[in-house]
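One structure below.
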There are 2 protein chains.
Amino acid sequence: MTQSHEELPPLGYLLTKLARATTVRFAAAIATLNVHPRHYGALVTLSQDASANQHRIAQLLGIAPSAMVTVIDELEAMGAVARLRDPKNRRQFILEVTAEGRTLLARATQLGNEVDDDVWGVLTPEDRAILHQRIAVVAGRLD
Amino acid sequence: MTQSHEELPPLGYLLTKLARATTVRFAAAIATLNVHPRHYGALVTLSQDASANQHRIAQLLGIAPSAMVTVIDELEAMGAVARLRDPKNRRQFILEVTAEGRTLLARATQLGNEVDDDVWGVLTPEDRAILHQRIAVVAGRLD
DNA sequence: TATTGTTATACTCTATAACTATA
DNA sequence: TATAGTTATAGAGTATAACAATA
């Protein structure tokens with residue numbers, strides 16, 4: 001047990017600081033694809049839960065449903081997502097990630113991984129992989 | 001080596017998602033002290049680098065120098081920070097964290113740790129301590 | 001009457017540029 | 001001429017509330 005542990009700022013605070021710095025770099029990287037982090041988040045979430053409607057995606061992303069409209073509008077304009085009326089419930093859309101959307105997601109993820117290399121390069125690959133996996137677990141439990 | 005690792009979204013993206021959820025909880029917790037996350041960040045940074053002026057703090061926090069003015073104004077109004085003119089260079093201030101400021105920081109940190117318990121409770125204490133330490137290392141290298 | 005998506009609007013946050021004083 | 005702090009202002013981002021279509 002290290003004595004210094006108690007004196008670290010809360011994990012959540014350190015995370016916020018890191019997230020902010022990382023987002024700036026990530027945003028700059030994917031701007032070359034004409035994609036905003038907002039679009040990336042929606043694409044990731046849509047890919048993970050194909051049955052989600054716009055309200056559900058907004059909830060998962062932690063933003064207002066009204067804010068989703070523009071994001072999906074833009075993804076649709078890029079040809080990354082298609083709005084298909086659900087015949088079972090015509091109030092809502094089935095949000096389909098197109099082949100183009102999957103390609104875009106893959107490219108943005110690649111750029112994100114390069115930013116990761118830059119920011120997290122001080123850790124050994126093993127440490128980083130373990131960290132990555134644990135963060136994924138915790139992030140997945142938030143929903 | 002796990003095959004699934006390659007398919008995780010970038011660490012930076014997961015972090016941003018976690019940071020967002022955590023900040024909402026942290027902000028709600030420290031609101032009981034009439035403190036905003038912004039104030040907390042400035043207090044932490046000031047405590048870590050006593051010689052920093054407002055421009056330097058803004059740089060470390062990744063915000064515009066003009067945005068610091070209100071933050072320091074509010075911290076001063078709370079009695080948490082004192083602006084003392086530097087006699088060596090009267091353009092800048094020495095920003096002193098008061099005893100009251102240190103108490104406030106400790107209380108807010110305590111609340112932040114409780115939020116951490118809530119969010120990170122799915123990890124074992126050992127895993128979490130290692131994670132915390134590594135995150136602190138990476139966050140510290142950003143400056 | 002409730003739900004899904006949408007629009008209109010207001011509010012918060014942040015950045016940019018111009019100003020004062022000091023160097 | 002450059003730097004530290006400040007002020008004014010504009011832009012981006014976000015949330016809230018009201019609305020239309022559907023259930």
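Worth saying up front: this structure is predicted, and the values here are computed from it rather than measured. Chain naming here is simple, since letters A, B, ... match the order of the sequence lines and numbering starts at 1 in each.
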Whole Å only: how far is the CZ atom of B/Arg38 from the C1' atom of C/dT14?
-> 10 Å

Once you round it to whole Å, what is the distance between C1' of C/dT4 and CZ of A/Arg56?
-> 15 Å

Side-chain heavy atoms of A/Ile63 within contact of B/Arg20, under 4.5 Å = yes

Starting at the 5' end of DNA chain C, which residue's closest nucleotide do you reach first, B/Pro65 or A/Gln92?
-> A/Gln92

Does B/Glu74 reach the side chain of B/His36, with side-chain heavy atoms less than 4.5 Å apart?
-> no

Will you find, in the side chains of B/Arg56 and B/Gln59, an N or O donor that is under 3.5 Å from an N or O acceptor?
-> yes

Starting from P on C/dT4, measure out to CZ on A/Arg91 and report it in whole angstrom.
-> 6 Å

When you match A/Gly62 and A/Lys88 each to their closest nucleotide on DNA chain D, which lands nearer the 5' end?
-> A/Gly62

Determine the contact category for A/Ala67: base if any of its heavy atoms lies under 4.0 Å from a base atom, sugar-phosphate if only primed atoms, P, OP1 or OP2 are that close, otherwise nothing.
-> nothing

Hey, does A/Arg83 reach any base, or is it just sugar-phosphate, or nothing, if we go heavy atoms under 4.0 Å?
-> sugar-phosphate

Atom-pair distance (CG on B/Leu95; C1' on D/dG5), nearest Å | 11 Å

Kindly say whether, by distance alone, the side chain of B/Arg90 makes a donor-acceptor pair under 3.5 Å with the base of C/dT22?
-> no

From CD of A/Gln59 across to C1' of D/dA15 the rounded distance in Å is 16 Å

How is A/Arg85 classified with respect to the nucleic acid when contacts are heavy atoms under 4.0 Å: base, sugar-phosphate, or nothing?
-> nothing

Just how far, in rounded Å, is P of C/dT7 from CD of A/Gln54?
-> 11 Å

With a cut-off of 6.0 Å (strictly less than), are more than 12 heavy atoms of other residues, nucleotides or ligands near CZ of B/Arg107?
-> no

B/Asn89 CG to D/dT3 P, straight-line distance once rounded to whole Å = 12 Å

Any A/His36 side-chain N or O less than 4.0 Å from OP1/OP2 of D/dG13 | yes

Please determine, for the side chain of A/Ile63, which listed nucleotide (D/dA15, C/dA23, D/dG5) has the closest atom?
-> D/dA15

Separation of A/Phe93 atom CZ from C/dT6 atom C1', in whole Å?
-> 9 Å

Side-chain heavy atoms of A/Tyr40 within contact of A/Leu105, under 4.5 Å = yes

Quick one: is C/dT3 close enough that its OP1 or OP2 comes under 4.0 Å of any side-chain N or O from A/His55?
-> no

Any donor-acceptor pair under 3.5 Å joining the side chain of A/Ser66 to the base of D/dT14?
-> no

